[in-house]
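Heads up, the thing below is written out as C-alpha cells.
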Amino acid sequence: MSYDITKIRTNFPVLHQQVYGKPLIYFDSAASAQKPAQVLMAEEKLHNDYYGNIHRGAHFMADKATEHFENVRTQVRDFINAKYREEIIFTKGTTESINLVAFSFCERFLNEGDEIIVSEMEHHANIVPWQMAALRKKARVVKLPFNDSGVLEIEKLPQLITQKTKLISVAHVSNVLGTINQVNEIIRIAHQKNVPVLVDGAQAVPHLKVNVQEMDADFYVFSAHKMYGPNGVGVLYGKKEWLEKMPPYQGGGEMISEVSFEGTTFNELPYKFEAGTPHISGVIAFGAALSVLQETGFENIRKHEIELLNIATEGLNQIPGINIYGQSTEKSGVISFNIEGIHPYDLGMLLDKSGIAVRTGHLCADTVMQHFGIVGCVRISFGIYNTMEEVKVFLTTLNKLRLMF
Ligand code: PMP
C-alpha cells in the first residue's frame, strides 16, 4: 500500500484549521498525537449504543462493553506480539505503568543495597519512580550514560551490571534525542546476567513495529495518547512469570478474588493489577487507534517519517548557530535543537504565532539537558499526518524568525 497522505489527513479533522490566521502545522506529536475520526467515532458509538460498567456481568449493556474492552486487550497482545492476553495490563499511561512496576516489582525483589540501572536519556517518568523505590528500599539508581551524539554507551553496560543489579530500565526511543536504542542488545547483555529489563516504549510504538517476544523484554510500557488514541489509557506488558510473582499495586474492586475482614485473596492476571473501574471508553477507542496504525502500516509510517526527518535535518543544518541534540544514525521523527543567541521559549512562542506547534523547555528530561549544559530546547516531532510542505514552511519560517533576532 502506498502512503496516501491526503487520505490520512482527511481522518484528522482537527488539522484542518487556522491558528493566529495561519494554517496549523502540528509538530508536537511526541507530546501527544491528534485523534483520527475512527477513534472519536468509537468512543461516541460506545456512549450512544452500549455503555455499561465492565466485568460485572450485570446486563446486556455491561456484557457488550466488556466484550469490546476485552477485545482490545487481545488486539494489544497481537499488536506487540505478546504471548498471552493476561500479560496486557491497562493503566492510565506510561507513567502509571512504570510506577506500577517500580512499586510492585521493587516491593518483592529490591532489597537494601541493591541497584537499578537507568539510562541517562530517560524521561522523568522513567527515573523518578525508581528513585522513589530506591529511597523506600535503601537501594541505588545507577546511570547508563550516552555520548555526545546521543547514543547509549552500551559497551559500559556489562561492567555496570553487578550482583546487586535487580533491573534495567531504558527507553526504546528517546523523547528528546530521537535515538532508537539497541534494546535487543541491552536485553541480551542483561539476560546473560539474569537481570530483567523494562523498556519504555512511549516514543517507539507510534513509529516502529514492536515485537516484545523477539525483543525478549520483561516489561514494555506505552501510552495510547501518543498513538492517536485517547489520553488516560496506557499499557503495561509484563512477562507472566514476573507479573505472577509481583504483589498488587493498588487495592479495590476488580483486583480481588474474595474479601473479608480476616483478609483478601487477589484476582488472577491481568485483573490483579487493574483495581477500580478502568477508562472503558478510552480503551475501546484505543482499539480504533491501533487499527489505524495497522492499516497505515509500519513500513509506510517509517519510510514517510525518515523522509520528513531527512529534509528537516538537512534544512536545520543550514542555519547558522544551530545545535541539534541527537545525531544518531538510527533516529525516530524527533528533532531537538537550539539556535545560538535565541531563547527556546521565544522561538517556540514565535513559531506558535506562525501556526506551528512545537514543544519547548526541558522536555521532562533534565538529565539530557544537563548532559548538554542547556536549560531547554525546541523540539519538533512528526506524526503520520505531517507533510513535506509543512517541513518546508517550518524551515522558511524559522529562517525568517532567526533574522529577526
Ligand atoms: N516516557 C517517554 C519516553 C515519554 O516520551 C513520555 C511522554 N512524554 C512518558 C514516558 C510519559 O508518558 P505519559 O505522560 O503518557 O505517562
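Atom set for the values below is all heavy atoms of this structure, side chains included, hydrogens, waters and symmetry mates excluded. Predicted model only: the values in this text are computed from it and were never measured.
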Q. Does NZ in K193 sit with more than 12 non-hydrogen atoms of other residues, nucleotides or ligands closer than 6.0 Å?
A. yes
Q. Would the number of heavy atoms belonging to other residues, nucleotides or ligands and lying under 6.0 Å from CD of E214 be above 12?
A. no
Q | F79 six-ring centre to K209 NZ/CZ under 6.0 Å and within 45° of normal | A | yes
Q) How many angstroms lie between CD1 in I335 and CD1 in I380, if you round to the nearest 0.5 Å? A) 4.0 Å
(Q) Rounded to the nearest 0.5 Å, what separates atom CG in N71 from atom CZ in R73? (A) 11.0 Å
Q: State the CG-CD1 distance between N323 and I374, to the nearest 0.5 angstrom.
A: 8.0 Å
**Q.** More than 12 heavy atoms from other groups under 6.0 Å of CD on E299
**A.** no
Q: Might you confirm whether atom CD of Q17 has over 12 heavy atoms from other residues, nucleotides or ligands at distances under 6.0 Å?
A: yes
Q: Check the pair F273 / M246 against side chain to side chain contact (heavy atoms under 4.5 Å, CB included), numbers first and verdict last.
A: CA-CA 10 Å; F273 290 109; M246 287 158 47; 3.9 Å; yes
**Q.** Residues R136 and E107 bridged, charged N to O under 4.0 Å
**A.** yes
Q. Run the side chain to side chain contact (heavy atoms under 4.5 Å, CB included) check on I5 and H304 step by step: do they pass?
A. CA-CA 9 Å; I5 188 80; H304 178 68; 3.8 Å; yes
Q) Taking the six-membered ring for Trp, is the centroid-to-centroid distance between F90 and F69 below 6.0 Å? A) yes
Q: Count the heavy atoms of every other residue, nucleotide or ligand shown that sit under 6.0 Å from OH of Y84, and state whether that count exceeds 12.
A: no
Q) Heavy-atom count around E254 CD within 6.0 Å, excluding the residue itself: above 12? A) yes
Q: Any chance you could measure T91, atom OG1, to Y249, atom OH, to the nearest 0.5 Å?
A: 9.5 Å
Q: Check the angle between the aromatic planes of F219 and W242 and answer parallel, tilted or perpendicular using the 30° and 60° thresholds.
A: tilted
Q) Listed by chain and number, what are the side-chain hydrogen bond (donor to acceptor under 3.5 Å, both in side chains) partners of N11, not counting sequence neighbours? A) none
Q) Hey, mind stepping through E307 and M388 against side chain to side chain contact (heavy atoms under 4.5 Å, CB included) and telling me if it holds? A) CA-CA 8 Å; E307 282 171 12; M388 299 298 161; 3.2 Å; yes
Q: Taking S32 for its side chain and D28 for its backbone only, find out whether a donor-acceptor pair lies under 3.5 Å.
A: no
Q | Step-by-step side chain to side chain contact (heavy atoms under 4.5 Å, CB included) determination, V205 to H172 | A | CA-CA 9 Å; V205 273; H172 194 168; over 6 Å; no
Q.
If you count every heavy atom of other residues, nucleotides or ligands that lies below 6.0 Å from M132 atom CE, does the total exceed 12?
A. no
Q) salt bridge (charged side-chain N to carboxylate O under 4.0 Å, His left out): which pairs involve residues 228-247, sequence neighbours left out? A) E86-K240, D216-K239, D218-K239
Q) Heavy-atom count around K137 NZ within 6.0 Å, excluding the residue itself: above 12? A) yes
(Q) Could you check whether Y325 and F337 have their ring centres less than 6.0 Å apart? (A) no
Q: Hey, could you give me each pair passing side-chain hydrogen bond (donor to acceptor under 3.5 Å, both in side chains) that has a residue in residues 371-391? Not counting sequence neighbours.
A: R9-E390, S29-Y385, E120-H371, D148-H371, N386-E390
Q) Charged N to carboxylate O under 4.0 angstrom, E67 versus K64? A) no
